[in-house]
Amino acid sequence: EAQVTQNPRYLITVTGKKLTVTCSQNMNHEYMSWYRQDPGLGLRQIYYSMNVEVTDKGDVPEGYKVSRKEKRNFPLILESPSPNQTSLYFCASKTPGPNTEAFFGQGTRLTVV
Amino acid sequence: AQKITQTQPGMFVQEKEAVTLDCTYDTSDQSYGLFWYKQPSSGEMIFLIYQGSYDEQNATEGRYSLNFQKARKSANLVISASQLGDSAMYFCAMREGERGKLIFGQGTELSVKP
């Protein structure tokens, strides 16, 4: 089954404790991205990757890191999480081309206390 | 800068009736794509329908249709014969440039009443 898998689905952590949210897709997509969803703001892009070893900042990259060492994986790293990073996070992947839809993971609900 | 606006934070519709969810966009690009996604209470994002800026016909997918009015820069989603399972948050999104980045609206929460 074609899918984007994120882990964990839910995470509660404390301020300053490094964490990684994993994302893996089995569709051989070149383009992957991370979004955060906050009430009243919709989804905003954090980082994206056009291919292996090619990553770039989205609209809200502060406090986040990513890596793309393999085509299928695109982890999101929070080196020192803060409460304002409490949010619902989505990983997405798509095929090249401007008009193809993005496939989203199930979402990761992160709470930083 | 590109922008998507959904002016209806919440909508109610009676089961079996049709409902229109509004979406307006702002872009200076000639080539762009418009998408609608559904987010049920379980949280996942489900792709519903796509409209390209050069498509002359309005897109349709089952009970979903997109009322695309290019001159007015609107891309409203029409759901016919609403079902209880249509209760969810709906997001309108626009593809920015060739990179594939999606810009999302704030969302509309639809509640279908029996």
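We name chains A, B, ... by the order of the sequence lines, and we start the count at 1 in each one. The figures that follow rest on heavy atoms only: side chains count, while hydrogens, waters and symmetry mates do not.
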**Report entry** Part of Gln106(A) within contact of chain B (heavy atom distance under 4.5 Å)
**Finding:** backbone
Query raised in the report: With only heavy atoms counted, which part of Gln51(B) is less than 4.5 Å from chain A, the side chain, the backbone, both or neither?
Result: neither
Report summary line: With sequence neighbours left out, the residues meeting salt bridge (charged side-chain N to carboxylate O under 4.0 Å, His left out) with Lys113(B) are none
Query - Heavy-atom proximity to chain B below 4.5 Å, by part of Arg109(A) - result: neither
Report summary line: The single option from Arg72(A), Lys71(A), His29(A), Gln3(A) that satisfies side chain to side chain contact (heavy atoms under 4.5 Å, CB included) with Ser93(A) is His29(A)
Query raised in the report: Of all of Gly107(B), Pro9(B), Gly43(B), which one pairs up most often with chain A through heavy atoms under 4.5 Å apart?
Result: Gly43(B)
Report task. Compute the ring centroids of Tyr50(B) and Phe35(B), then answer whether they are less than 6.0 Å apart. Result -> yes
Query - Non-neighbouring partners of Asp59(A) that pass salt bridge (charged side-chain N to carboxylate O under 4.0 Å, His left out), sequence neighbours left out - result: Lys101(B)
